2 protein chains.
Amino acid sequence: MSRKVTIHDIARELNTTVSTVSRALNDHPAISTNTKTLVRDMAKKLNYSQNRLASSLRSGKTYNIGILIPSAELHFFGSVVHGIEKVLNENGYNILLYQSGEQYNQEVKGVQTFLQSQVDGIIASIAFETKNFDHFLEIKKQNKPLVFFDRSNSELKVPSVTIDDYKGGYIATEHLIKQGYRRIAHISAKQRIKIFEDRLRGYKDALKAYGIAVNEDLIAYGDVSLESGKECTALLLSKKPDAIFAVEDFTALGALQKLKESGVDVPGKIGIIGFANESFSQYVTPSLSTIEQQTIKMGEEAARLFLELADKEKRYASAPNTIVLDPILLARESSRRKKA
Amino acid sequence: MSRKVTIHDIARELNTTVSTVSRALNDHPAISTNTKTLVRDMAKKLNYSQNRLASSLRSGKTYNIGILIPSAELHFFGSVVHGIEKVLNENGYNILLYQSGEQYNQEVKGVQTFLQSQVDGIIASIAFETKNFDHFLEIKKQNKPLVFFDRSNSELKVPSVTIDDYKGGYIATEHLIKQGYRRIAHISAKQRIKIFEDRLRGYKDALKAYGIAVNEDLIAYGDVSLESGKECTALLLSKKPDAIFAVEDFTALGALQKLKESGVDVPGKIGIIGFANESFSQYVTPSLSTIEQQTIKMGEEAARLFLELADKEKRYASAPNTIVLDPILLARESSRRKKA
DNA sequence: GTGAAAGCGCTAACAG
DNA sequence: CTGTTAGCGCTTTCAC
């Protein structure tokens, strides 16, 4: 194996010094165009490739940024990562990826690894399990850009991009009301997670706003899964709901399947709406009404927040910039009531 | 901002030298247990965090490996990345992620970035657009581990993990035959991509194996999308097929929707099977029979191939280790013919 | 078992 | 416009 070619080699060939070569390669203004072309041609000729480790070690900038997600297996996160990478890449940054698997310990390890790798910033979505936030505070302490997406924590005063889950719950419920449904049930989540609680609040407030009393009997608490959707629906059936707003699409799908098994007409007898617009939602029968979360946009906005933060000197001095994306109602067949 | 604490700080506090500290931190055998605890305690006390750039620059190992995929937006790749990251992370490696967006130029840029970042290896899935493979050869030339998954190129003689698309096409078709279907159509892809061609070959061979003549009229060429599935199905309908094997699930879904619109009973009149087991496939009505590709396992195997390669001295001397995963038939409702 | 010293490949004052 | 010099923070011979 031939030794790696460095700027020293280029300098030697050209009878100049490494500083000139370095500057030429970095398009420094104080270098003559002639020297630049000379250096670049020689670099190409020698098949030179910069060692970013050395460059970063010296300059203090890596142009790497860490992305911490619960799991790449979930389409939601893959989609957000896609959006982030696209924007960041256009701005010369590269991505280090770490999965927490929803585990606190893994999340901490991820942050430490990123910090040791001297990333220029971190974009993260907090694991369900996480109750202690010292690892995130450490990032702030090092004055490195930190941005949260989807799962944030307002006490940390960190920029974030989330969607308005409250509004999502509200418009989902409102849509059902406008379709003429009145006994609207909600399948929520047992876990005390902010996004689920917000959707629940939105549900309740929409009912109130339209003069419908909130009936706790019509609220079931599942564990965010298709199976749980089926079980909760079975329980709810005795309460005679005429519509179900499920906390997310898998739960909604479970509800849909249970109703079909029970011979209940959807949306004629009971309407259904979910949340998240999973990839299957538009393809099931009847197609599932749901709330779109704008995942790619979320990623793009998170990346922009990062870039903004990276430019600022006093990063965490003022109140953090928090972007709240609007949820979008996708009214499909499962909640479209036939004209009475 | 307080200056970063380095091993010099630890050495000074302990009245020793950086070499001792470095060795202690790296659990070098020639350091007394006593010194090790002393050093570690001090490191903790000073809130020391290793600078991996410096370590890597000196040692020549980064423990970073580059993953190059077409797009994180596609669930297939997110899932494979999940499998890769899990295994690699357990072995002390971290992941740099790059998306080619199916574009040759981006792919080349990704490889260059990885190389500049001095990654310890690269795991990649080739972009559709790529016809020139010099960037991959450069990785081999630098004697760095390179592993392909799903989309490989046998001429490059690089270890890979793929699934047996030929066999997938074969068992899908065989399944339809065993269900009693005889005029089995196939919706293939216009693009001359190996995986699609393999599925087509499998289809043809299965027919022949069961004494059914291949009828080119029953083969349509679409562009791998739901819409295309609908169009091709509309065309095929005049040829009176009694079953359709679609090149992948979106196409199969298009076929399914078209048939439902046309009032054709599935699977009674026409059976359908797809390929890929997309997340929606089990949830559509009727549930879609398909071929499972074992995505997470693919990622795990790719990671293992990498680890294996990383251990070898003469990496590309012998024939590359190519793992071919078995496709798994998922016989669901869309191809289950009622007993005649 | 520990220390001294060199240097990985690059950037960035400071000079000139 | 170009050269000299001094490191970035760490690992790793080679001594002792």
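Note on naming: letters A, B, ... go to the chains in the order of the sequence lines (proteins, then strands), and numbering restarts at 1 for each one. What you see is a predicted model; the values in this text were computed from it and never measured.
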*Asks:* Should B:Asn26 be listed as having a side-chain N or O under 4.0 Å from OP1 or OP2 of D:dT11?
*Replies:* yes
*Asks:* What's the CG-C1' distance between B:Leu57 and D:dG9, to the nearest Å?
*Replies:* 9 Å
*Asks:* With respect to the side chain of A:Thr17, which nucleotide from C:dC10, D:dT4, D:dC10 is positioned closest?
*Replies:* D:dT4
*Asks:* At 4.0 Å (heavy atoms only), tell me whether A:Ser56 reaches a base, stays on the sugar-phosphate, or touches nothing.
*Replies:* nothing
*Asks:* In whole Å, what is the span from the CG atom of A:Leu53 to the P atom of C:dT11?
*Replies:* 12 Å
*Asks:* Given C:dG9, C:dT2, C:dG7, identify the nucleotide with an atom nearest to the side chain of B:Arg58.
*Replies:* C:dG7
*Asks:* Heavy-atom nearest nucleotide on DNA chain C for B:Ala30 versus A:Ser55: which residue maps closer to 5'?
*Replies:* B:Ala30
*Asks:* Does a nitrogen or oxygen in the side chain of A:Thr35 sit under 4.0 Å from OP1 or OP2 of D:dT2?
*Replies:* yes
*Asks:* Over how many whole Å does the gap from B:Arg52 atom CZ to D:dT11 atom P extend?
*Replies:* 12 Å
*Asks:* Honestly, is A:Arg151 close enough over A:Phe128, meaning NZ or CZ under 6.0 Å from the six-membered ring centre and within 45° of the axis?
*Replies:* yes
*Asks:* How would you label the contact of A:Ser22 with the nucleic acid (heavy atoms, under 4.0 Å): base, sugar-phosphate, or nothing?
*Replies:* base
*Asks:* Between A:Thr16 and B:His28, just flag the one whose closest nucleotide in DNA chain D comes earlier from the 5' side.
*Replies:* A:Thr16
*Asks:* Measure from the side chain of A:His8, starting at C-beta and using heavy atoms only, and say which of C:dC10, C:dT2, D:dT2 lies closest.
*Replies:* C:dC10
*Asks:* Regarding A:Ser19, tell me which of base, sugar-phosphate or nothing describes its non-hydrogen contacts under 4.0 Å with the strands shown.
*Replies:* base
*Asks:* Would you mind reading off the distance between B:Lys4 atom NZ and D:dG7 atom C1', rounded to a whole angstrom?
*Replies:* 18 Å
*Asks:* Would you indicate which nucleotide in D:dC10, C:dA4, C:dT2 comes nearest to any side-chain atom of B:Ile7?
*Replies:* D:dC10
*Asks:* Quick one about A:Ser79 and B:Glu73 (side-chain donor to acceptor, distance below 3.5 Å, no hydrogens or angles considered), yes or no?
*Replies:* yes
*Asks:* Starting at CZ of B:Arg12 and ending at C1' of D:dG9, how long is that distance when rounded to a whole Å?
*Replies:* 13 Å
*Asks:* Kindly say if B:Ser59 contacts the phosphate of C:dC8, meaning a side-chain N or O under 4.0 Å from OP1 or OP2.
*Replies:* no
*Asks:* After noting the C-alpha distance and the side-chain angles of A:Arg40 and A:Asp27, does the key distance pass the salt bridge (Lys or Arg N to Asp or Glu O under 4.0 Å) rule?
*Replies:* CA-CA 10 Å; A:Arg40 282 174 191 156; A:Asp27 208 18; 3.1 Å; yes
*Asks:* Under a 4.5 Å cut-off applied to non-hydrogen side-chain atoms, are B:Ile126 and B:Phe136 in contact?
*Replies:* yes
*Asks:* C:dT2 P sits how many Å from B:Leu25 CG, rounded?
*Replies:* 14 Å
*Asks:* With a 6.0 Å cut-off (strictly less than), is the heavy-atom count around NZ of A:Lys297, excluding the residue itself, greater than 12?
*Replies:* no
*Asks:* Where the side chain of A:Gln50 is concerned, which of C:dG9, C:dT11, C:dG1 is the nearest nucleotide?
*Replies:* C:dT11
*Asks:* Roughly, in whole Å, what's the span from CD1 in A:Ile10 to C1' in C:dC10?
*Replies:* 12 Å
*Asks:* Is the shortest side-chain heavy-atom distance between A:Thr162 and A:Thr322 below 4.5 Å?
*Replies:* no
*Asks:* Looking for any heavy atom pair under 4.0 Å, which part of the strands does A:Arg23 touch: base, sugar-phosphate only, or nothing?
*Replies:* base
*Asks:* Roughly how many Å is it from CD in B:Gln116 to C1' in C:dG9, rounded to a whole number?
*Replies:* 13 Å
